[in-house]
Amino acid sequence: MAEDLGYMKNDSGFFTKAVHEGVSSSKWSHGALVPPVVTSTLFDLSSDEDYIYGRLKNPTRSCLQEALAATENAKFGMVVSSGQAASSLVVHLLKTGDHLVAMDDIYAGTNTVLRDIAPRMGIETDFVDMRDLNNVSKFFKSNTKLVWIESPSNPTMKVIDIRALANMVKQHEGILLAIDNTFMSPYFQRPLDLGADIVMHSMSKYINGHSDVIMGGVVTNREDVYNRLDSLFITLGPVPSAFDCYQVLRSLKTLPVRMEQHMMTGLEVARFLESHPCVEKVLHPGLPSHPQHQLSKSQSFGHSGMFSFYIKGNDLKTAKSFLKKLKMFTQATSLGGPESLCVHPATVTHQPLPLEERERYGITAGLIRVSCGLETPAHLTADLDQALRSAVPY
């Protein structure tokens, strides 16, 4: 579907990678096709296996890390206890006196880490609108060590030219480019291939895809970066459970099939809303109306079920009324699961940001973020239609 819409041609072998990478039965003597859930914290040190203690390394976790790396075309993969833990590990690559440049419109949890936690470590952050890359280089300093972006951004769906940004960063020795790829998953976007140094995921979202596991992941092609991250992981200890690793490894096998359906449903629902009299504007990179529509198609293989829209009137009372009228959509903060969700960023996910900042980023009282699940699209559009017509005077 995505290729027919003008997106890049995807890797025809991705489905096979998702099913087979990291889970070869030759890894263990019993020949099981499904990796065992190894809950032991201890290992026999007299064995030839490279396992010592569960915090350092775990066989089930190793399978998932290998599979995750393969889907992102990465040499090294690491899974941790949450997406926030993944972001925090990357920030811990920096030291007192370092500086980073971050995209202004990013997940509120990441914003909080950079705004409230990093300064306690003596790390300075500048938040920049990166749609115009000329803005980025203006903020580079002699002590700049990291550039952090999301593309598309959460929740206003801004798309950044990853290739151009990576080329710019590479002109400055010692600066790493890190990208949160949660909204797209490895199936629809692989930033390492576009020049990024580090890619992180909240694997709780699309990669797990069933709303029942909290986990994060980090991948890279740079051995020096991986070794530093691994050292931080061992020392700080954000360890995911073996059972959670098993769950996500199982979910990864169906990622491409799920993402195709998420994209189809999301586009159908977004197109419906774009023509609805109770909607002011839809923010979906797959729509020609999106300002970075062509850019999105040039650097990705499709789009997920994520988008946002402004309800007519753009006021809090109308937005709240709409959300209360929904029947099939659930009000919830996460995304990427089989169930469709709506959330009000200004009062939920991005409420910690100051009002002036939210308004500047476009996170207004009328903005609704949507995660389209795997339901029948017609059922979703019918639900949105009745809720909108009940809430919006038109």
Ignoring hydrogens and geometry, is there a side-chain-to-backbone donor-acceptor pair from [X] to [Y] under 3.5 Å?
{"X": "His201", "Y": "Met215", "result": "no"}
{"X": "Arg190", "Y": "Pro186", "result": "yes"}
{"X": "Lys253", "Y": "Val19", "result": "yes"}
{"X": "Asn143", "Y": "Gly97", "result": "yes"}
{"X": "Glu124", "Y": "His99", "result": "no"}
{"X": "Ser82", "Y": "Ser202", "result": "no"}
{"X": "Ser151", "Y": "Ile160", "result": "yes"}
{"X": "Lys17", "Y": "Asp11", "result": "no"}
{"X": "Glu21", "Y": "Ala18", "result": "no"}
{"X": "Arg369", "Y": "Leu341", "result": "no"}

Any side-chain heavy atom of [X] within less than 4.5 Å of one from [Y]?
{"X": "Thr125", "Y": "Arg115", "result": "no"}
{"X": "Met78", "Y": "Asp230", "result": "yes"}
{"X": "Ser87", "Y": "Val113", "result": "no"}
{"X": "Glu359", "Y": "Thr364", "result": "yes"}
{"X": "Ile234", "Y": "Arg55", "result": "yes"}
{"X": "Asp197", "Y": "Lys170", "result": "yes"}
{"X": "Met203", "Y": "Val213", "result": "no"}
{"X": "Val90", "Y": "Leu176", "result": "no"}

Supply the atom-to-atom distance [X] [atom1] to [Y] [atom2], rounded to the nearest 0.5 angstrom.
{"X": "Glu49", "Y": "Phe43", "atom1": "CD", "atom2": "CZ", "result": "9.5 Å"}
{"X": "Ile214", "Y": "Ser81", "atom1": "CD1", "atom2": "OG", "result": "10.0 Å"}
{"X": "Ile311", "Y": "Ser321", "atom1": "CD1", "atom2": "OG", "result": "7.5 Å"}
{"X": "Leu146", "Y": "Leu100", "atom1": "CG", "atom2": "CG", "result": "5.0 Å"}
{"X": "Leu232", "Y": "Arg228", "atom1": "CG", "atom2": "CZ", "result": "8.0 Å"}
{"X": "Asn227", "Y": "Arg222", "atom1": "CG", "atom2": "CZ", "result": "11.5 Å"}

Are [Y] and [X] linked, directly or through intermediate hydrophobic residues, by side-chain heavy-atom contacts shorter than 4.5 Å (ILVMFWY only)?
{"X": "Val282", "Y": "Met264", "result": "yes"}
{"X": "Val159", "Y": "Leu283", "result": "no"}
{"X": "Ile179", "Y": "Leu133", "result": "yes"}

Minimum heavy-atom distance [X]-[Y], with the two atoms named:
{"X": "Thr144", "Y": "Val101", "result": "CG2-CG2, 4.2 Å"}
{"X": "Gly302", "Y": "Ala2", "result": "CA-CB, 3.7 Å"}
{"X": "Gly337", "Y": "Ser211", "result": "CA-OG, 3.6 Å"}
{"X": "Tyr206", "Y": "Ser185", "result": "CB-CB, 4.1 Å"}
{"X": "Tyr53", "Y": "Thr41", "result": "CD1-O, 3.1 Å"}
{"X": "Ser300", "Y": "Gln189", "result": "CB-OE1, 4.0 Å"}

Open item on the list: Evaluate Lys205 against Ser371 for side chain to side chain donor-acceptor pair (under 3.5 Å), listing each step before the verdict.
Closed with: CA-CA 10 Å; Lys205 312 306 193 288; Ser371 172; over 6 Å; no
Crowded around [X] [atom1]? As in, over 12 foreign heavy atoms under 6.0 Å?
{"X": "Leu93", "atom1": "CG", "value": "yes"}
{"X": "Lys324", "atom1": "NZ", "value": "no"}
{"X": "Lys75", "atom1": "NZ", "value": "no"}
{"X": "Asp224", "atom1": "CG", "value": "yes"}
{"X": "Lys27", "atom1": "NZ", "value": "yes"}

Open item on the list: I'd like to check the ring pair (Phe, Tyr, Trp, His ring centres under 6.0 Å) partners of Phe76; sequence neighbours left out, ordered by chain and number.
Closed with: Tyr226
Task: Criterion side-chain contact (heavy atoms from CB on, under 4.5 Å) against His284, the qualifying member of His303, His290, Met306 - done: His303
TODO: Let me see the working for Tyr361 and His350 under side-chain contact (heavy atoms from CB on, under 4.5 Å), right down to the final yes or no.
DONE: CA-CA 11 Å; Tyr361 300 159; His350 289 68; over 6 Å; no
Task: Pairing residues for Thr265 by the side-chain contact (heavy atoms from CB on, under 4.5 Å) criterion, not counting sequence neighbours - done: Gln261, Val269, Cys372, Pro377, Leu380
- [ ] Please report the C-alpha distance between Leu367 and Tyr310 in whole Å, then the side-chain angles of each, then the deciding distance to 0.1 Å, and finally whether the side-chain contact (heavy atoms from CB on, under 4.5 Å) criterion is met.
- [x] CA-CA 5 Å; Leu367 182 70; Tyr310 292 99; 3.7 Å; yes
TODO: Identify whether the distance between the nearest side-chain nitrogen and carboxylate oxygen of Arg131 and Asp129 falls below 4.0 Å.
DONE: yes
- [ ] Could you walk me through whether Thr330 and Glu339 pass the side chain to side chain donor-acceptor pair (under 3.5 Å) test, one step at a time?
- [x] CA-CA 8 Å; Thr330 301; Glu339 58 283 307; over 6 Å; no
- [ ] Start with the C-alpha distance between Tyr246 and Leu64, add both sets of side-chain angles, then the distance that settles side-chain contact (heavy atoms from CB on, under 4.5 Å), and finish with yes or no.
- [x] CA-CA 8 Å; Tyr246 158 77; Leu64 177 57; over 6 Å; no
- [ ] Report the residues that fulfil salt bridge (Lys or Arg N to Asp or Glu O under 4.0 Å) with Lys145, sequence neighbours left out, ordered by chain and then residue number.
- [x] none
- [ ] Establish, yes or no, whether the cationic atom of Arg258 lies under 6.0 Å from the six-membered ring centre of Tyr187 and within 45° of the ring axis.
- [x] no
Open item on the list: Tell me whether Lys57 forms a cation-pi arrangement with Tyr51, defined as NZ or CZ under 6.0 Å from the six-membered ring centre and within 45 degrees of its axis.
Closed with: yes
Task: Residue pair Arg360, Asp104: steps toward the salt bridge (charged side-chain N to carboxylate O under 4.0 Å, His left out) verdict - done: CA-CA 10 Å; Arg360 187 167 68 249; Asp104 53 3; 6.0 Å; no
TODO: Please report the C-alpha distance between Ile363 and Asp105 in whole Å, then the side-chain angles of each, then the deciding distance to 0.1 Å, and finally whether the side-chain contact (heavy atoms from CB on, under 4.5 Å) criterion is met.
DONE: CA-CA 9 Å; Ile363 307 172; Asp105 176 25; 4.2 Å; yes
